[in-house]
Amino acid sequence: MAISFYNTLTRRKEPFVPRVAGKAGIYVCGMTVYDHCHIGHARVMVSFDVIVRHLRASGLDVTFVRNFTDIDDKILRRAQELDISWQTLAQLHIDGFHEDMAALGVARADVEPKATEHIAEMHVIIQRLEARGLAYAAGGDVYFAVDRFPDYGKLSGKPLDELQSGARVEVDERKRNPLDFVLWKGAKPGEPQWESPWGPGRPGWHIECSAMSGRYLGESFDLHGGGMDLIFPHHENEIAQSEGACGHGWVNGWLHNGFVNVVAESGERVKMSKSLGNFRTIRDLLAVFPGEALRMFILNSHYRSPLDFSGELLETARAGMDRIYGALRAAQERLGALPGAVPLTAAEGVDQPEFARRFFEAMDDDFNTPQALAVVFELAREVNRGAAQPSEAADARALLEKLTVLLRRLGANLGLGGGDPVAWFQAGASDNESEEIASWIARRNAARKAREFAEADRIRRLLAEKGILLEDGKDGTTWRRG
RNA sequence: GGCCGGGUGGCGAAGUGGCUAACGCAGAGGUCUGCAAAACCUCCACUCGUGGGUUCAAAUCCCACCCCGGCCUCCA
């Protein structure tokens, strides 16, 4: 195993060396649950889902933690607007998140902690910071003193003085330095509050991640990830808190995925964000595109590159999935059944080692999914060739079997192509509809047999108008949605 | 202003010193088919933002310039 990845902290690609041989702990900043997930969220979740899959396929025993931020200003405001409790709002969007992720093929994390369930852990960190002179209480709030943490700015590459000169933050009387950030917010009337050594209040934004990662991964761990926009200030502040409290190094590797941009009518590319109001929710998209097409769209570019979103691009991704499922369907018809979509591990020996080798080489190199996908597509072609062979010879069938196993399994490493191919092409058809189509197909084939091609073509056109495309194969006629 | 990242065919997107610049989509021709569709085969960037330079050799390294995006404030 020789995984290397681009570490935001060192700004280089470097080998991944687990702190404990054979194990890996990874924490990814999840959602603030006050609204539906949009494509930007989908990108983080899919990217890290694949990263975790690859770490596991490489033989590592991975502990994956992805949190929910279930208390924050936006949640409180939105709950008030909707006239529901903030707990109800949060739970609503946690459930929505899980539904969306299931559609995208994103697996659950090993631990999905909520901020509000780790208040005690936060208090411990803040107390330690206070004891070490890195935090101070002021007017019911508790702040982190950035001046007292010499490494402040090391992740974002911004020296403290530069940050100060460019600071656009509001001057707050209670802060000693404008860049100081709040660890604990004193209670305001009407807001939820928890008891604390500094009086009632609620947590600041950054402290929760230090608390939850420490609880489940230990005082130091291997990898921490999230969207690029979290580098500053969120992750910078997490480092300050965590290292400040424990007095030693915290996270070895930092991974950040690139943004999703929206191409405006003017041709301008703008980042998709809630504050710009130009986001598309996963939910809306799923009404029009299969989740797997969205997943393909995301994995077709490298996780660190910017990604432009548009409907046409999603259509292209869907066509790519058609190709993979088309090959699987051909194999299924030929072999009678498909092998299970079980991820391939690096240690396993396989019959067509070149494909597997190239796949793992691509993924080992900073999780290069576009290159890994290229291998999957080449396999799809080989499977199609094998399935089209007229020969019934045993060795031809054996080769097709081996190629199909690899296609399915390597697909599973990316979380693609694990479904039933017929279901992919005939998505959403009711039993009634399927029967009706089958009867039309029977009528058409009767006409074809009688060489009444005008009638056969009429039926085909009739179905085509309903978006049903017919495909005449050696073993009969199948249909798909067009 | 500071700091990151990027400009590769019609589109998306890999490749970061040396085989014919992957792969997908779209397109063209062919095979198959009653005709299609799907599949397969062939073709589709003498060239990698622009201009210099280093080198036997550069899309890949260096310098300059042009353009685009992001972060520096809540954001994935």
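Letters A, B, ... are given to chains in the order of the sequence lines, protein chains preceding strands, and every chain is numbered from 1.
When the options V405(A), L406(A), L407(A), L328(A) are evaluated for a side-chain contact (heavy atoms from CB on, under 4.5 Å) with V383(A), the one that passes is L407(A).
Here G226(A) lies in heavy-atom contact (under 4.0 Å) with sugar-phosphate atoms only. Using a 4.0 Å heavy-atom cutoff across all strands shown, G258(A) reaches at least one base atom of the nucleic acid. Residue M272(A) is classed as a base contact, given a heavy-atom separation below 4.0 Å to a base. Note on H256(A): nothing from the nucleic acid sits closer than 4.0 angstrom, heavy atoms only. Using a 4.0 Å heavy-atom distance criterion, L469(A) is classed as making no nucleic acid contact. Among the heavy atoms of the strands lying under 4.0 Å from V260(A) is at least one base atom, whether or not backbone atoms are also near. Across all strands shown, Y6(A) has heavy atoms under 4.0 Å from sugar-phosphate atoms exclusively, and none from any base. Within the 4.0 angstrom heavy-atom criterion, no nucleotide atom of any strand lies near R304(A). Counting any heavy atom pair closer than 4.0 Å across all strands shown, E312(A) reaches no nucleic acid atom. Looking at heavy-atom distances under 4.0 Å, T8(A) makes no contact with the nucleic acid at all.
OP1 or OP2 of C75(B) sits under 4.0 Å from a side-chain N or O of W205(A). Residue R381(A) has a polar side-chain atom (N or O) positioned under 4.0 Å from OP1 or OP2 of G24(B). Here R323(A) reaches the OP1 or OP2 of C40(B): one of its side-chain N or O atoms lies under 4.0 Å away.
For the residue pair Y152(A)/N237(A), the side-chain donor-acceptor check at 3.5 Å is satisfied.
One P atom belongs to A14(B), the other to U8(B), and the distance between them is 11 Å to the nearest Å. Distance check on atom P: C11(B) versus G17(B) gives 27 Å, rounded to whole Å. Taking atom C1' on both nucleotides, C48(B) is separated from G6(B) by 14 Å, rounded to a whole Å. U42(B) and G9(B) have their P atoms separated by 24 Å, given to the nearest Å. Across U16(B) and G49(B), the matching P atoms stand 15 Å from one another, rounded to whole Å.
As a whole-Å value, the separation of L76(A) CG from C74(B) P is 17 Å. Between E378(A) atom CD and A13(B) atom P the separation is 20 Å, expressed in whole Å. For L328(A) and A39(B), the CG to C1' distance is 14 Å, given to the nearest whole Å.
Considering only the side chain of N384(A), A39(B) comes nearest among G12(B), A39(B), C3(B). The side chain of N261(A) approaches G69(B) more closely than any other nucleotide in the set A14(B), C25(B), G69(B). Distance from the side chain of P370(A) is smallest to A14(B) among C40(B), A76(B), A14(B). Residue F377(A) places its side chain closer to G24(B) than to any other of A13(B), G24(B), G15(B). When each of C75(B), A38(B), C41(B) is scored by its nearest atom to the side-chain atoms of R385(A), the top-ranked nucleotide is C41(B). Of all nucleotides listed (G34(B), C11(B), C71(B)), C71(B) comes nearest to the side chain of K158(A).
With hydrogens and angles ignored, no donor-acceptor pair closer than 3.5 Å exists between the side chain of H302(A) and the base of A14(B). Between the side chain of D457(A) and the base of G34(B), at least one donor-acceptor pair of N or O atoms lies under 3.5 Å. The base of C35(B) is paired with the side chain of R460(A) by a donor and an acceptor separated by under 3.5 Å. Side-chain N/O atoms of D472(A) and base N/O atoms of C35(B) include a donor-acceptor pair closer than 3.5 Å.
In this entry C61(B) has G53(B) as its Watson-Crick or G-U wobble partner, both defining distances falling under 3.5 Å. A 3.5 Å limit on both hydrogen-bonding distances identifies G2(B) as the Watson-Crick or G-U partner of C71(B). Taking a pair to require two hydrogen-bonding distances under 3.5 Å in either a Watson-Crick or a G-U wobble arrangement, C23(B) pairs with G12(B).
Residues E354(A) and R357(A) are paired through a salt bridge, judged by an N-O separation under 4.0 Å between the basic side chain and the carboxylate. At a threshold of 4.0 Å, the pair K185(A)-E191(A) does not count as salt-bridged, since none of the basic side-chain nitrogens sits closer than that to a carboxylate oxygen. Look at R295(A) and E292(A) and you find no salt bridge, because none of the NZ, NE, NH1 or NH2 atoms lies under 4.0 Å from a carboxylate O.
Here the straight-line distance linking atom CD of E333(A) with atom OG1 of T478(A) works out to 6.0 Å at 0.5 Å rounding.
For the pair R66(A) and F48(A), the cation does not sit on the ring face, since its NZ or CZ is not both under 6.0 Å from the ring centre and inside 45° of the axis.
A perpendicular orientation is assigned to the rings of F297(A) and F309(A), their planes being inclined by more than 60° (bins at 30° and 60°).
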